[in-house]
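First the proteins, then the strands, lettered A, B, ... as listed; each starts at 1.
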There are 2 protein chains.
Amino acid sequence: MTRPDLDRRGMSARLSDRDWASILDTCSEVVEIPARTLVSRRDEPLDRSLLLVEGLMSRHVPGPYRDRREMVALEVPGDFVDLHSFPTGRLDHDVSTVDDCRLAVFPHSALRKLVHIQPETGIALWSMTVTDSAIHRYWSFRVGALPAMGRMANFIAEMELRLRLAGLAHDGRFSLPLTQSDMGEACGMSAVHINRVLRDLREDGCCSIQSGWIEIHDLERLHRIGHFEPTFLLGEQDYIVGR
Amino acid sequence: MTRPDLDRRGMSARLSDRDWASILDTCSEVVEIPARTLVSRRDEPLDRSLLLVEGLMSRHVPGPYRDRREMVALEVPGDFVDLHSFPTGRLDHDVSTVDDCRLAVFPHSALRKLVHIQPETGIALWSMTVTDSAIHRYWSFRVGALPAMGRMANFIAEMELRLRLAGLAHDGRFSLPLTQSDMGEACGMSAVHINRVLRDLREDGCCSIQSGWIEIHDLERLHRIGHFEPTFLLGEQDYIVGR
DNA sequence: CGTATGCTTGAATCACGTCAACTGATGTGG
DNA sequence: CCACATCAGTTGACGTGATTCAAGCATACG
């Protein structure tokens, strides 16, 4: 396959020109996957990793009861979805699409070759999985230390930041095709309570959601309620203020 | 410094002889740090990573209120404490000792040299940060999807497993010098409630804690209450059943 | 000794979850 | 084309699990 012509956005935008070009050379194909499809199952051996080009994906662990699962990550365009399966060849959780997705496929064998030839590019890839880890820590913090309203605000603030960095949020408006149950799984609370908190945030003049679109009216207040500090994701130098 | 003579236990036991030897060659010193000491502050540039040889360490993000912080990880001997700061040169959270610790220091410059010479060793190091990430996901799951008793049981089960793999738990007995407030920060609940749940677990004949020592009386039941599945940490093949 | 720190327990409160009913939108098959 | 099912959202009533406040103890320490 000739090198695909993919935008370098969001997380991948941190890669240097050289790293990005070399990585793209290892891409075997670009695939499209419909919404709500299970893409990888945990404990299955994996021999490729995916870069999300378009759409939204979730990572989750099956919960204690048949219906209850916990979302542990949400991926936006520019993210490597399961690059962490490269060093170990397996995954400890499931991966699904949320809406229709376009994905670039990178065989582990090709990545391994690349890492041997250009160890510096390997470190760049490594650092993407490290950022993924920082996001996990922030999810722990959110669910463990914040009350319902703060959790919701913090979650929305994170999505706004990441989608903005991926060029997909403008003036505090962005698409987020999650159901309230999805958000419940992500924030560790019931769908019903999500609904109420969303109403409170709307009545507070903070932000509003309708049919998968979020509009933020007061970003500063949203950050305050959610104790959101954008630097968890970025070096200070990258911190982009405001909208 | 000549290569220090350190045990390869727990997480580091997964490294091959060759990787382990090469990594040890990059060790600049071994230091001792007293209990309850802040070792690294978040957002500070870091030029070295640490391997925990002896003792217990915690990683936490300062919480919304002066007193409330959230613990995002707990490190046991054999763990690399902040290897994830190598690719990026910074940390998004604080690192502290819990009790007296012995730590091996690895300058990033030396690690970088090693990764260039032996990319395969780099991938081995990478995979240790990936396992760290898997633990984060499990913490998210615990706090987000389990009720108080399940959280506590799950947490204790994880500690038992990791300490056992590090050779520090025998017959379900091990030292865990955490206060109930510490456990509260780790499990996202109040210290008072930790106390009550601990009593319930004891009365259930599950496990008991006194003065920093945990004794598990019924591991299977503990796993059931905590919905604990040891495979989150390990490949199937490594799964060590029972005590 | 006295003071600090961690553990323990009770009582009051409240933030959430659960259950249930109703709505509107979308889709499907007879 | 309509009857019916399904699924997301919304809201109310109710119960409960967890927090908070408070007090009492034990132990370690200067």
Exercise. Would you find more than 12 non-hydrogen atoms of other residues, nucleotides or ligands less than 6.0 Å from A:Glu203 atom CD?
Worked result: yes
For this session: May I have the distance from B:Glu185 (atom CD) to D:dT19 (atom P), rounded to whole angstrom?
Result: 13 Å
Exercise. Taking the side chain of A:Gln180 as heavy atoms from C-beta outward, which of D:dG9, D:dA18, C:dC16 is closest to it?
Worked result: D:dG9
Problem set entry | Listed nucleotide nearest any side-chain atom of B:Val192, set C:dG10, C:dG17, D:dG12 | C:dG10
For this session: Check step by step if side chain to side chain contact (heavy atoms under 4.5 Å, CB included) holds for B:Ser28 and B:Arg48.
Result: CA-CA 10 Å; B:Ser28 64; B:Arg48 50 92 193 124; over 6 Å; no
Problem set entry | Short side-chain N/O contact to D:dG9 OP1/OP2 from A:Asn195, under 4.0 Å | no
Exercise. Does a side-chain N or O from A:Arg196 land closer than 4.0 Å to OP1 or OP2 of D:dT11, or not?
Worked result: no
Exercise. Within this structure, what is the CG-to-C1' distance between B:Leu146 and D:dG17, rounded to whole angstrom?
Worked result: 15 Å
Problem set entry | Mutual orientation of the aromatic rings belonging to A:Phe232 and A:Tyr138 [parallel < 30°, tilted 30-60°, perpendicular > 60°] | parallel
For this session: Quickly work out the A:Ile194 CD1 to C:dG17 P distance and round it to whole Å.
Result: 8 Å
Exercise. Across the strands shown, which category fits A:Ala191 at heavy-atom distances under 4.0 angstrom: base, sugar-phosphate, nothing?
Worked result: nothing
Exercise. Quick one: do B:Asp132 and B:Arg59 make a salt bridge, cutoff under 4.0 Å?
Worked result: yes
Seminar exercise, completed: To the nearest angstrom, the CZ-C1' distance between B:Arg151 and D:dG17 comes to 10 Å
For this session: Could you check how far CZ of B:Arg199 sits from C1' of D:dA18, rounded to whole Å?
Result: 13 Å
For this session: Calculate the interatomic distance between A:Met183 atom CE and D:dA8 atom C1'; express it in whole Å.
Result: 11 Å
Exercise. In terms of side-chain heavy atoms of A:Thr179, which of D:dT11, C:dC7, D:dA8 is nearest?
Worked result: D:dA8
Problem set entry | Under 3.5 Å side-chain donor-acceptor pair for B:Ser96 and B:His60 | yes
Exercise. When the distance from CG of B:Asp182 to P of C:dG6 is rounded to whole Å, what number comes out?
Worked result: 8 Å
Problem set entry | From C:dC16, C:dG17, D:dT11, nucleotide with atom closest to A:Pro147 side chain | C:dC16
Exercise. If you check the A:Met189 side chain, which of D:dT11, D:dC21, C:dG17 turns out closest?
Worked result: C:dG17
For this session: Nearest whole angstrom, please: distance from the P of D:dT27 to the CD of B:Gln210.
Result: 12 Å
